[in-house]
Amino acid sequence: MIRIAVCDDEEYVCHELEKIIRDYAGKQNLAVEIDIFISGEKFIEFIEKNVYYDIAFLDIELKGTNGIEVGSYLRNVKKNDNTQVIYISSKQKYAMSLFKIRPLDFLIKPITEQQVIAVYEKAVELIDRGNLVFEFHVGHTYYRVLYKDIVYFESNGRKMNIILSDGQGGYQKKECYEQIKNIVEDVPCLDFIQIHKSYLINYTYVLQYSYEQVQMADGRTLSISRTYQKQVGEKLLMRKKRNG
Amino acid sequence: MDKMDLEYIVEYLAVNIFWIYITNRFIGKFFEAKKYSELIQKTVLLFFYILNSSMNLFLHEPMWNLFTSILGIFMLTCIYEASVLKKIVITGMVYAISIGCDMVVAVGIGSYVRGMQLGIINNILSYFLIFIVELLIEKGLHLGKQEEVFTGKMWMLIGVPILSVAVICVQTVNRIANKQVALTSMFALLFINVIVFYLYDSLRSSYAKQYRSSILEHEVEEYQNQLSIMKESQDRMESLKHDMKNHFLALSHMLKNDSIEEMEKYLGQMIQITEYEKDYVATGNTNIDSVLNYKIQQAREKEISVTTDVKIVEQMEVDFFDINIIMGNLLDNAIRAAESADTKYIHIEMELDRGVLYIMMKNSCNGNIKRDGEKWITTKRNKEKHGYGIENVRKTVEKYHGSMEVNYDEGEFCINLLMYLV
């Protein structure tokens, strides 16, 4: 079940979007739940109570609390890096603060059905990949975690650290006897990038890329080793090509 | 202490000019900005020349010679803007090359031409050797990158000092008795070298300047065009606002008469007017907007349909110059290919995501391009033929440590690239 939020102070936009998505999901036989908000404040009220949405369509030009502030609340206050944010705007001009929210896409009004479906599919693909399971064991205890909660894998001698996010800004480290080279084939290749012999990171949790290092959501800055620099560039290109 | 004859002094002074020239030229390749004016630079050179020559001629203390040489080289590096460490390292390297070549020549001469007093020939050979080594380093490390235009010819140029050395060696080995002949030819060779390289260097830099100014000219045209697009858009909005009252009257009239269809048509027209902007890129980043819109207009004049999807910020850490090189070249190639295709289209995408700028361009092209296209993708030989276009794009992308991929597939050409902006 995909939970979607649509937040726009123009009601007809909300209804149009809802209609398009519901019709499409219906044809695909997918269950969706869509919540409509006609103000940024109302939306924040809900997320403040930890209501989770997989996808959020946000109007940038909202009266009152605008789209940037809403996105910022979601990412920086609630520390939610998983919800796919899609910005809707009547302009093509975007401020840097918008990009810091790492939205999935920007749609310019008037929005066509094709655009909505395309971005919806993109989001669903990402969500499906994120909901895949990673299994490991510590001693006799078996764990299953969703890939979307894994921030990165870190090599630690014969062991491997798995840094997990609880979706609210808390990070946990789990250790297991495994090697990165053994799991690298099994992880979703579009979302996980090996930047170093000892680091396999999740694209979703990267705040910023530079040629030599990445800034992760948990505050750590990991360096990209020279041997992997070229590969990382190629991987990022491939990812953009596939994801559109 | 043997009496220094006047001849030797004169020869030495002349040859030292050569050494100052090549040392100064070589050092210059490692640095970017000059801290002091030309006048000061020339003064330092002159001072170093006098100091160095007198020390070497009159003082026979090896330690003093070492000291003044190293100090002199260091002074030359101080003309440039750089960290002290870098200057020390460069000084060390230059001096090491000098010593190394001196030794090679001394040993070489010693073993091949025994018992002959070669005097100044030692120095000449040594300096030529130093020059050759420096040129090889320059070529090997791709120094002076900015002006890299005639790179292929560089190898030929290194032949000049090498051949000079050959001439000197042959003369020496054959013990040319007439000292005047020998020395005249050697000094002539020295100065030919200086002249050739001086010309080469100035040609390179003037070529680079020309290239830059042609890009700047383009930029000006693009800005002008952008301004006219913006003005056009503004004018349309103004006239719409001006006629608002009339439009409302017309619409309410239609409503009264229940002419819904007419109303829809009318409203559609009004929306179209405001959508003029949709035909063009308006990200607020004037640099990108100008380049893209200028080329888009050119493309549309050739009946190529252009679609865009641009998601970037108003302020980006990319040099306008570089954007022009990349977008300008890519679009020029795309336009050239698409205008002779059956279905003419170009699609441009740009996205800023987590500090990385992604650019994607697709364009249609006809089958004939395949032959050239494949060659162009796979080998570098056609670099000259297809212009410096794609190579310049590649070099610029490399400047940002980026990656680039070119694909050709069934009548469509596709380029993907990324650049790190941090």
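The figures that follow rest on heavy atoms only: side chains count, while hydrogens, waters and symmetry mates do not. Residue numbers begin at 1 in each chain, while the letters A, B, ... track the order of the sequences.
Looking at B/D409 and B/K362, no side-chain N of the basic residue comes within less than 4.0 Å of a carboxylate O on the acidic one, giving no salt bridge. Salt bridge status for A/K240 with B/E349: absent, with no side-chain N to carboxylate O gap under 4.0 Å. Using a 4.0 Å cut-off between charged nitrogen and carboxylate oxygen, A/D81 and A/R102 count as a salt-bridge pair. Looking at A/K63 and A/D9, a side-chain N of the basic residue comes within less than 4.0 Å of a carboxylate O on the acidic one, giving a salt bridge.
Using a 4.5 Å cut-off between heavy atoms, B/L417 contacts chain A through its backbone alone, with no side-chain atom that close. For chain B, the nearby part of A/L207 is the backbone; its heavy atoms alone come within less than 4.5 Å. In this structure, chain A has no heavy atom under 4.5 Å from any part of B/M316.
Separation of the A/Y87 and A/F99 ring centroids does not fall under the 6.0 Å cut-off.
Note: B/L352 leads B/V356, B/V310, B/L352, B/D309 in heavy-atom pairs under 4.5 Å with chain A.
Residues of residues 214-233 of chain A placed with any heavy atom under 4.5 Å of a heavy atom in chain B are listed by number as A/V232, A/G233.
Each of B/D289, B/V291, B/I348, B/I312 was evaluated against B/V281; a single residue qualifies, B/D289, per the side chain to side chain contact (heavy atoms under 4.5 Å, CB included) test. Shown are A/N80, A/D105, A/L58; of these, the side chain to side chain contact (heavy atoms under 4.5 Å, CB included) with A/V85 is made only by A/L58.
Open room surrounds CD on B/Q315; 12 or fewer heavy atoms of other groups in view lie less than 6.0 Å from it.
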